[in-house]
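Report on the structure given below.
The analysis underlying the following values was restricted to heavy atoms, covering all of them including side chains, and did not include hydrogens, waters or symmetry mates.
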Number of protein chains: 2
Amino acid sequence: MKESALCPRLAKSMDLIGKRWMGLILYQLLDGPQRFNEIESSMPISGRLLSERLKELEKEGIVERHVYTEVPVRVEYTLTEKGQGLKGAIDEIENWSKRWL
Amino acid sequence: MKESALCPRLAKSMDLIGKRWMGLILYQLLDGPQRFNEIESSMPISGRLLSERLKELEKEGIVERHVYTEVPVRVEYTLTEKGQGLKGAIDEIENWSKRWL
DNA sequence: CTTACCACTTACTTTTCGTAACTAACTATA
DNA sequence: TATAGTTAGTTACGAAAAGTAAGTGGTAAG
């Protein structure tokens, strides 16, 4: 896939957070750390795709993955500072949806 | 496709403006009315998909399509008030990308 | 009569997504 | 000992969406 000639950084943002389910995953994590099952239950995403998305977000430094070796194992996902930085954008979209949808 | 149980309106927003190229198309239109070719040239989208996306946006009342029967024909796309309402969100994403990418 | 312009369509290939079943590691119950 | 249950994934496969390239229709200039 090629990039936009206009603003490569905006294009990359859109490519990343515009991916399917990304917005809702971030919205969910803005509520605080959540484990895999909690995120999966909060929206109709499949485990396959949630796993894939969380890996992308981790790779981009937007979320952190913490494993607690309890029984059964607990894995929590937390927003980094970079991830928290997206709160304004998510809020704006939420406000728009309340006003117009 | 099913919907999120959490906030259906946010889910719908994300589903709409989170679609591929939507963010950049809106960003482009925030600069003012643009014709098909201008949008197409500003990013590496294909005519097929741009046509499809603009139809979705028109159907949702986010953009308006105006045909000027000149030679050759000129077709301009303009944001409605509803579409302008997304400026805040796009701006937030742009700012985030400047800060973090 | 050919070329060019614009705004699309159409046909076809490749990538991504959705669904469901399966795995690993461990515990609790019978 | 065997069976079932927990979480956090992974795998396989068909369906849907996106990418690519060529074609269409209307007009006019050369």
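- Donor-acceptor pairing under 3.5 Å is lacking for the side chains of A:Y77 and A:E58.
- A donor-acceptor pair is defined here as one N or O able to donate and one able to accept, closer than 3.5 Å; no such pair exists between the side chain of A:T78 and the backbone of A:P33.
- The distance between atom CE of B:M43 and atom P of D:dG19, rounded to the nearest whole Å, is 12 Å.
- Residue order along DNA chain C, read from the 5' end via each residue's closest nucleotide, puts A:I45 first among A:V71 and A:I45.
- In the displayed structure, B:E70 atom CD is contacted under 6.0 Å by more than 12 heavy atoms of other residues, nucleotides or ligands.
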- Scoring nucleotides 7-17 of chain C by protein non-hydrogen atoms under 4.0 Å (B base, S sugar-phosphate only, - none) yields SSBBB-----B

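- With hydrogens and angles ignored, the 3.5 Å screen pairs no side-chain donor or acceptor of B:K19 with any backbone N or O of B:M14.
- A straight line from CG of A:L50 to P of C:dT19 spans 14 Å, rounded to a whole angstrom.
- Protein atom CD1 of A:I39 is 9 Å distant from nucleotide atom P of D:dA8, rounded to whole Å.
- For B:K87, the NZ atom is loosely surrounded, since the number of other residues' heavy atoms within 6.0 Å does not exceed 12.
- A single hydrophobic cluster is seen to contain both A:I39 and A:V67, as judged by linkage of ILVMFWY side chains at heavy-atom distances under 4.5 Å, directly or through other members.
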